[in-house]
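Notes follow once the structure below has been shown.
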Amino acid sequence: MTATPTHSKARTPARIPGSRAAAPSGAARPGGRATSHTASAPQDRPRRGLRGLAAGRAFLLPMGIAVALLIPLATAFPGAGSWPAALAVDLSGPLGRAGDWIIDHRDSHPLFLYLFGHVSNAVVVAVRAVYVLLLAAGWTGVTALAALVAWRLAGIRLAATCAAAFAACGLLGMWVPTMQTLALMVVAVAASVVLGALLGLAAGLSPRADRVLRPVLDTMQILPAFAYLLPMVLVFGIGVPAAVLATVVYAAPPMARLTALGLREADAGVMEAAASLGATGRQRLLTARLPLARRQLLLGVNQAIMTGLSMAVIASVIGAGGLGDRVYQALASVDVGAALAAGIPIVLLAVVLDRTADAAGRRLGADPVPLGEQHLLRRVFSGWYGRLLTLLAAVAVAVVGRMAGTSVWPESWTVSLADPVNSAVAWMTDHLYSGVPVVGGTADWAARFTGWILDPLRSGLQAAPWWLLLLTACALALLAGTWRTALTAVLALGAVGVLGVWETSLDTLSQVLAAVAVTLVLGFAIAVGAARSARAERMLRPVLDICQTLPQFVYLIPVVALFGVGRAPAAAAAIVYALPAVVRITVQGLREVDPTVVESARSLGATRAQLLRQVQLPLARPALLLAVNQAVVLVLAVVIIGGLVGGGALGYDVVLGLAQGDLATGLVAGAAIVCLGLLLDRVTQPAKEA
Amino acid sequence: MNTTPAAAPAPADSDAPSVFSVNGLWKVFGPDKAAAKVPGSADADLSAAELRERTGCTAAVRDVTFDVRKGEVFVVMGLSGSGKSTLVRCLTRLIEPTAGSLAIDGEDVLAMDATRLRDLRRHRAAMVFQHFGLLPHRTVLDNVAYGLEIQGVGRGDRRDKAAELVAKVGLDGLEHRRPGQLSGGQQQRVGLARALAADPEVLLFDEPFSALDPLIRREMQEEVARLHHEEGRTMVFITHDLAEALRLGDRIALMRDGRIVQLGTPEEIVGSPADDYVRDFVRDVPREQVLTVRTAMRAATAGEAEQGPALAPATTVVDAIQAVAVSGGPARVVDGGRCLGVVDDAGLLAVVAGLPAPTGRGVAA
Amino acid sequence: MRDTDHRRTLRRPRGAAVLAAATGLAVLTGCGAADMTRQASPYAAAEGAKTVTLSVQSWVGAQANTAVASYLLEHELGYRVDTVQVDEVPAWDALSQGRVDAILEDWGHPEQEKRYVEGKKTITRGGDLGVTGHIGWFVPTYFAEAHPDVTDWKNLDKYADQLRTPESRGKGQLMDGSPSYVTNDKALVKNLGLDYEVVFAGSEAAQITQIKQFAKERKPFLTYWYEPQWLFERVPMTEVKLPEYTEGCADDPEKVACAYPHTPLQKYLNARFARSGGEAAEFLKKFHWTKAQQNEVSLMIAEEKLSPQQAAKKWVERNENVWKPWLT
């Protein structure tokens with residue numbers, strides 16, 4: 001895969017979210033993989049003709065090998081559907097013992113006392129320091145600082161947004177949880193940025209490190225957040241350290257990928273110029289390569305923030321506290337309104353952090369306005385003393401706030417959102433559940449979806465001979481990529497069988513496939529509509545932003561109310577979560593279709609439908625493929641969380657593992673999810689290594 | 001293959017000391033071990049395609065030998081893929097040569113350790129690049145000062161020096177812009193100023209103007225000519241543009257497939273191409289603008305040495321035509337008071353028509 | 001040259017990183033051992049000394065306990081209370097580690113009790129909560145009234161058809177809740193030979209939502225449920241009689257074929273906290289109330305949508321005679 005700088009510059013997709021990052025602003029946001037996709041896209045078409053020729057050979061060889069390997073195995077273990085027991089490994093014994101060992105030695109073994117203990121303490125101290133600082137600043141100080149920083153970076157509008165966002169957090173009565181989440185986020189994001197930057201530095205500078213790191217990062221990128229929690233809990237116990245570390249592990253890969261990408265893509269001409277001037281390696285890195293990669297670095301920070309935030313919410317299951325915990329507690333008492341009241345500050349935090357990071361990125365790229373032409377106030381606040389002045393101003397406001405005696409948001413200034421929301425949800429479920437004439441209620445839809453789509457799909461998959469599924473995976477992966485892709489796919493699916501969760505995984509797979517299908521149909525339909533009219537897109541954008549940033553937990557209760565308990569609500573939640581990304585990428589792809597081609601088609605008298613079918617969709621093919629890939633990854637993530645609403649299968653196993661501290665079930669399910677993720681990602685990732 | 005300096009006297013003294021002395025230089029791209037074997041082996045003379053087929057390597061520079069003399073503008077010209085850009089990078093080991101020897105002021109460059117080499121790049125040879133290679137996040141001033149910064153010059157000093165050079169290349173008032181806000185020509189002026197800032201002994205230009213519009217290119221060429229005229233700095237200039245090579249070069253090395261096909265003054269290249277390739281290359285050159293009266297003159301017959309307008313030997317044919325037309329008779333070629341020969345209508349027309357010169361240069365030699 | 005430079009570029013940062021890591025490690029380990037099990041939450045109050053961390057389980061009854069206990073600790077004893085929402089088994093682990101000081105309502109975890117209370121001695125018993133818990137299978141009362149014989153497990157198969165859902169694979173559906181709850185249902189269904197499929201709702205929230213939805217439609221359902229639980233006030237349910245519980249009948253989880261016992265709910269304290277927790281530990285040991293009292297608070301939280309704090313405040317104001325003795 002060659003992602004040349006010219007390509008990615010020319011085609012920087014405006015809003016393709018990293019595989020899982022929520023993306024509330026108009027940020028340029030090529031997740032590492034997204035960039036490479038689009039970058040390779042232009043080379044994709046001319047090669048297709050060639051591939052036809054090459055495909056014959058490329059296809060036959062690995063297929064032949066696969067068949068040669070599988071046929072004897074298949075005859076040895078003829079059982080019609082399920083994975084042969086003889087090929088499975090039962091890990092529950094050793095894993096159970098490992099779990100027990102950790103619990104028994106956690107307070108005595110040197111590994112814990114001298115390594116994990118210190119890590120854990122460091123996290124607690126750091127989070128505590130930030131938290132105390134935030135509380136000391138009081139709501140006045142924090143709001144003022146955020147607004148001032150935003151104003152310096154982007155101007156009065158962003159400043160107003162920031163101030164309003166923090167005020168809203170206070171108004172909703174969520175000031176303290178917001179600060180807790182913010183403190184956790186600051187520490188986790190800082191750590192993941194440092195970790196990611198170091199890894200990215202290694203991968204960006206050394207091809208060997210890159211070869212080692214890339215598959216690891218690729219894999220981590222597609223892992224559902226839920227799969228990270230159990231190991232962390234086991235080592236660090238319930239609480240903030242485990243949550244912070246899970247967040248770090250989850251948020252560092254995008255940073256690492258983008259750092260490596262930025263460093264590797266640094267303009268070769270500039271690097272050569274630096275070398276020709278006699279710069280030492282260190283000088284070249286510090287004065288040229290790193291500054292050249294700064295946009296990608298900032299994008300990485302931005303991604304780390306967004307992924308970190310989504311993880312910080314999910315980590316409430318293991319005691320992260322803060323806003324996520326409020327959402328989680330509210331859900332426990334089926335209080336959608338309260339959950340939303342805690343969910344909104346999360347969205348607001350995401351918006352504020354994202355826009356600010358984005359503005360910082362844009363400022364770096366932009367050319368400075370000469371000092372003389374700036375507004376007087378701005379002139380005062382520019383330069384390093386301006387930075388100091390900003391800080392001083394914020395401190396002054398904080399002190400004033402404290403003297404006025406309001407360090408925590410005053411309780412009388414809060415509004416309750418819960419009641420109206422709850423009654424709205426109640427009304428919705430009352431009227432939609434079964435009472436709708438003609439089309440039937442949501443309950444009927446759910447029943448039909450389950451009975452007509454999910455069940456046949458599941459029983460079909462589970463009844464199909466295991467070797468046939470392996471062959472299918474191999475064939476699909478070959479169609480999408482190279483023999484290497486195929487090998488990964490087959491190994492991943494095989495590993496699922498070996499782990500002894502074949503049936504369960506196929507159950508999950510059937511849910512993913514069904515949900516992806518619905519997501520794509522809906523997503524493409526919406527996108528085609530939105531790409532036609534700018535107004536439709538403008539109206540759609542905030543909705544998509546919110547859908548994507550709102551913690552997945554918030555969806556769960558309304559979907560249960562609408563669709564009952566089972567796999568249907570899990571699929572529904574997954575569709576709601578994945579739809580925005582699909583719509584966004586597709587709209588982007590359709591928009592980016594070369595206007596001259598469209599114009600020439602129109603001049604030939606093509607109708608709208610012809611234009612769409614014959615020009616826009618084929619030309620947007622890379623974007624559509626990317627949309628499919630993203631849909632698969634996002635849907636998988638939510639289908640797993642769907643274990644909380646009766647989705648069963650692997651999601652239930654993960655939830656069970658977490659709830660019962662059952663390492664054997666949880667880890668095996670986690671590993672199976674990894675394998676499924678790999679399989680699905682590889683099969684839908686076009687020509688990755690070509 | 002004519003790789004030794006031509007006999008004809010160049011504007012710069014032919015006995016001036018060499019700055020760069022290149023001998024039998026090779027650069028073969030490919031797996032290290034395989035590449036090292038190519039020079040001097042039986043494969044060395046294979047065509048590019050055959051070589052790749054047989055060894056998996058590409059020879060970008062093949063057995064190149066030349067000297068760059070102090071104070072001259074040495075142009076390396078060739079089409080893309082001829083190896084000229086690789087060659088210039090070998091001079092400061094931005095690309096490591098595979099074989100051969102290379103010296104600057106008599107000091108072996110290939111034997112330099114990292115420190116000496118950095119010193120060479122910092123103080124003795126500076127390069128100007130086709131795509132400028134400017135740091136987009138720095139102002140013009142800081143870009144110009146970048147080389148000095150790398151050398152460890154203090155902030156104040158380097159800014160003073162940079163400001164001086166910014167003025168010298170005509171960018172006053174733009175000091176605080178970013179490269180992105182400048183036109184191509186302006187950006188290359190920044191590149192030039194950055195190279196000059198270190199006050200290097202040699203300036204290396206790698207197709208510096210090929211990314212610019214024709215008008216701007218002309219302007220920049222004049223700028224380089226002016227700088228050379230004012231400072232007499234040695235320059236190695238890579239280009240694929242024949243007109244540019246002829247305009248700027250004291251001597252030109254014409255490269256093809258990694259080898260130097262011909263090395264000589266512009267007049268030699270145009271006047272007596274070494275082979276068909278070169279001949280083809282220079283076919284469309286307006287010969288009268290390049291060739292001098294040396295080519296067109298014949299020995300003076302009796303009496304002719306005394307009369308008619310006097311022309312310097314470096315006068316181009318086109319100027320001579322004018323003089324001859326005005327005077328109506330042959331003109332004398334005079335060098336230091338001595339008459340070398342005369343040019344007349346027939347001789348000048350033969351040059352324009354591309355015919356072999358009537359009596360030829362035997363006189364001058 | 002490019003290549004060689006590259007290598008050099010790398011070496012230096014690597015050297016620096018190794019050095020930094022080594023120094024960092026030295027500094028860290030210089031401080032000696034760090035015991036994670038003696039760590040407070042970073043969000044604990046700054047004043048530090050008088051803080052109690054309570055575990056809140058996800059069901060509302062447990063929220064009621066915690067709310068009242070927190071209210072009294074904060075307003076009568078001057079402590080600051082943090083609450084952490086954790087599932088039951090991890091809560092035991094957290095309690096053992098000292099991340100949590102007390103669990104106020106435990107439904108019986110013999111394995112954990114053996115490990116932590118008897119083995120590691122990091123947890124001590126805190127006495128009865130006063131409420132007796134009971135797990136069982138329930139059908140809605142409107143259904144039981146229409147079909148009185150459904151309340152005997154032997155007749156359940158007759159109704160399997162009516163209790164079928166898309167998720168129950170053609171059998172009747174027995175809905176279970178969160179995977180963290182104590183349940184033998186899968187074994188029970190198998191050992192009693194019932195034509196039922198256990199469907200896990202995955203969380204109590206999902207289960208309650210589903211029950212409410214069924215009740216609104218007046219559809220029949222069969223669910224794993226427990227009392228005390230506020231939902232009974234909203235959706236009256238009748239228990240299905242299972243074979244009677246006898247001592248030891250549930251010891252082998254594979255062979256269980258009897259009802260769930262009535263469990264006096266227990267409190268557990270972190271051992272260190274129990275020794276040195278002062279007034280707070282004493283108070284939590286004495287905390288003891290009835291099912292009706294707990295339900296009163298639960299209902300305020302779940303149905304009137306009062307915040308736990310407000311509900312606790314209301315209850316405390318009305319029931320001074322109940323809680324006064326806990327403080328002495």
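Fair warning: this is a prediction, and the values are worked out from it, not measured in the lab.
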Proximity breakdown for A/Leu454 and chain C, heavy-atom pairs closer than 4.5 Å =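 Interface part for A/Leu454: neither.
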Let me know if A/Ala129 has heavy atoms under 4.5 Å from chain C in its side chain, its backbone, both or neither.
->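 For A/Ala129, no heavy atom lies under 4.5 Å from chain C.
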Donor-acceptor pair, [X] side chain versus [Y] backbone, under 3.5 Å?
{"X": "C/Asn270", "Y": "C/Phe273", "result": "yes"}
{"X": "C/Ser70", "Y": "C/Thr66", "result": "yes"}
{"X": "A/Ser206", "Y": "A/Arg208", "result": "yes"}

Between A/Arg567 and A/Asp455, does at least one N-O distance fall below 4.0 Å, as a salt bridge requires?
->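 Yes, A/Arg567 and A/Asp455 are salt-bridged.
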Side chain from CB out, backbone as N, CA, C, O: work out which of these in C/Tyr181 comes under 4.5 Å of a heavy atom of chain A, or both, or neither.
-> backbone
Taking C/Pro90, C/Gly119, C/Ser178, C/Ala91 one by one, which has the highest count of heavy-atom pairs under 4.5 Å against chain A?
-> C/Pro90
